[in-house]
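All values reported here derive from a predicted model rather than from experimental measurement. In what follows, residues are counted from 1 in the order of the sequence shown.
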Amino acid sequence: MPVFYGVEVSSALMLGTAQYPSPAIMAQAFRASGAGIATVSLRREQGGGQAFWDLIAGLGPRVLPNTAGCHTVKEAVTTAHMARELFGTPWIKLEVIGHTDTLQPDVVALIEAARILTAEGFEVFPYCTEDLTICGRLLDAGCQVLMPWGAPIGSGRGLNNPFGLRSLRAQFPDVPLVVDAGIGLPSHAAQAMELGFDAVLLNTAVARAGDPAAMARAMARAIDAGREAYLADPMEPRDMAAPSTPLIGKAFLT
């Protein structure tokens, strides 16, 4: 099971709490998924009030508040402080959005906000790109987890840059890595885990499915399968065919 900031969580599936047709359907999806972490956004979901927060707490996974919707360092830092006060946790998924259409993170502001929050005792989960230099600077800023996107948030496109994600795993072999955003199918989640990532965070693919609980269950199974495949040390791809049936003992006709 993945370990973040010294805490082992029960599942490599991290599931968001936004966009579900109803709180009851969200609860069904969480129970079906067995998700170890629930991400929550103060800015998007605060209208649910205490009843919503009580529902989240009753589902059992560890809560990871986020700064979704923040576009500046000040916004993100202020939201993080509000989240820590409300949920009583130093964990924060740090988002600082830089581009309106793609929701690509503003990596310059992200590093600055990460440095501020780490110095103030937060344990930061930064939503970032797969850029090796940016990720290195986030680690220098005090982050002990990296959360690169697979594709733009809510796009369902899967992993746009498997090479970059594989390079990130190779560059930082001991850092917990989470693919965050862009997952649309269980096969996408399995691919992320096959690359050696420690967890997958997703939301829209489950919340907007025709049957969120069934999709949540499928995602959980795919993540388990991908992790098991990675640990099994899979074969390397080849350019040419290789016979699976040996020639030894084969009858030759003359």
Side-chain angles (χ1 to χ4, degrees), residues 2 4 11-20 26 29 33 35-45 64-71 76 79 91-107 109-111 113-114 124-132 134-135 138 143 145-169 175-209 212 215-216 218-220 222-223 226:
F4 304 117
S11 169
L13 173 57
M14 305 165 69
L15 191 57
T17 56
Q19 304 186 61
Y20 292 87
M26 181 196 72
S33 73
I37 290 176
T39 60
V40 296
S41 169
L42 274 68
R43 296 171 68 91
R44 290 178 181 164
E45 297 161 10
L64 175 60
N66 67 38
T67 63
C70 294
H71 289 76
T79 302
W91 281 16
I92 191 72
K93 180 192 168 189
L94 181 60
E95 296 184 31
V96 186
I97 300 303
H99 191 275
T100 303
D101 292 332
T102 64
L103 301 181
Q104 180 171 337
D106 180 339
V107 294
L110 182 68
I111 294 169
V124 178
F125 294 66
Y127 165 62
C128 57
T129 67
E130 68 276 19
D131 183 281
L132 296 179
I134 295 300
C135 287
L138 285 167
C143 298
V145 180
L146 296 171
M147 301 181 72
W149 64 349
I153 294 171
S155 68
R157 297 183 61 87
L159 307 186
N160 278 351
N161 186 8
F163 172 79
L165 294 171
R166 186 180 293 110
S167 298
L168 188 63
R169 175 74 287 173
V175 175
L177 299 179
V178 181
V179 167
D180 176 14
I183 299 297
L185 294 169
S187 57
H188 300 156
Q191 184 185 13
M193 298 302 290
E194 288 168 4
L195 292 175
F197 277 66
D198 298 278
V200 172
L201 195 163
L202 54 92
N203 188 167
T204 308
V206 167
R208 293 303 190 190
M215 183 60 76
M219 289 291 186
I223 286 170

Step by step, would you call Val179 with Leu202 a side chain to side chain contact (heavy atoms under 4.5 Å, CB included)?
CA-CA 9 Å; Val179 167; Leu202 54 92; over 6 Å; no
What I'd like to find out is whether the side chain of [X] reaches to under 4.5 Å of the side chain of [Y], using heavy atoms alone.
X: Pro186; Y: Met215; value: yes
X: Tyr20; Y: Val206; value: yes
X: Val96; Y: Pro105; value: no

Rounded to the nearest 0.5 Å, what separation is found between the [atom1] atom of [X] and the [atom2] atom of [Y]?
X: Thr129; Y: Asn160; atom1: OG1; atom2: CG; answer: 12.5 Å
X: Glu95; Y: Thr79; atom1: CD; atom2: OG1; answer: 10.5 Å
X: Ile183; Y: Leu159; atom1: CD1; atom2: CG; answer: 5.0 Å
X: Ile153; Y: Leu103; atom1: CD1; atom2: CG; answer: 5.0 Å
X: Ile134; Y: Cys128; atom1: CD1; atom2: SG; answer: 9.0 Å
X: Asn161; Y: Leu168; atom1: CG; atom2: CG; answer: 10.0 Å

Is the backbone N or O of [Y] less than 3.5 Å from a side-chain atom of [X], with the two atoms forming a donor-acceptor pair by type?
X: His99; Y: Ile97; value: no
X: Asp198; Y: Val178; value: no
X: Asn203; Y: Ala18; value: yes

Please report the closest heavy-atom contact between [X] and [Y], naming both atoms and the distance.
X: Ala76; Y: Thr67; answer: O-CG2, 3.5 Å
X: Ser11; Y: Pro2; answer: O-CG, 3.7 Å
X: Met219; Y: Ala189; answer: SD-CB, 4.1 Å
X: Cys143; Y: Ala114; answer: SG-CB, 3.8 Å
X: Ala209; Y: Ala205; answer: CB-O, 3.5 Å
X: Ala151; Y: Gly158; answer: CB-O, 3.2 Å

When you look at Ser41 and Asn66, which way does the side chain to side chain contact (heavy atoms under 4.5 Å, CB included) test go after all the steps?
CA-CA 5 Å; Ser41 169; Asn66 67 38; 3.1 Å; yes
Would you say the side chains of Thr204 and Gln19 form a donor-acceptor pair under 3.5 Å?
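Present: a donor and an acceptor within the cut-off.
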Steps toward side chain to side chain contact (heavy atoms under 4.5 Å, CB included) verdict (Leu64, Phe125)
CA-CA 9 Å; Leu64 175 60; Phe125 294 66; 3.7 Å; yes
Exceeds 12 heavy-atom contacts within 6.0 angstrom, atom CZ of Arg157
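12 or below, so no.
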Please test Met14 against Met147 for side chain to side chain contact (heavy atoms under 4.5 Å, CB included), starting from the C-alpha separation and ending with a verdict.
CA-CA 12 Å; Met14 305 165 69; Met147 301 181 72; 4.1 Å; yes
Can you tell me which residue among Leu201, Leu15, Asp180 is in a side-chain contact (heavy atoms from CB on, under 4.5 Å) with Thr39?
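Among Leu201, Leu15, Asp180, the one that satisfies the side-chain contact (heavy atoms from CB on, under 4.5 Å) with Thr39 is Leu201.
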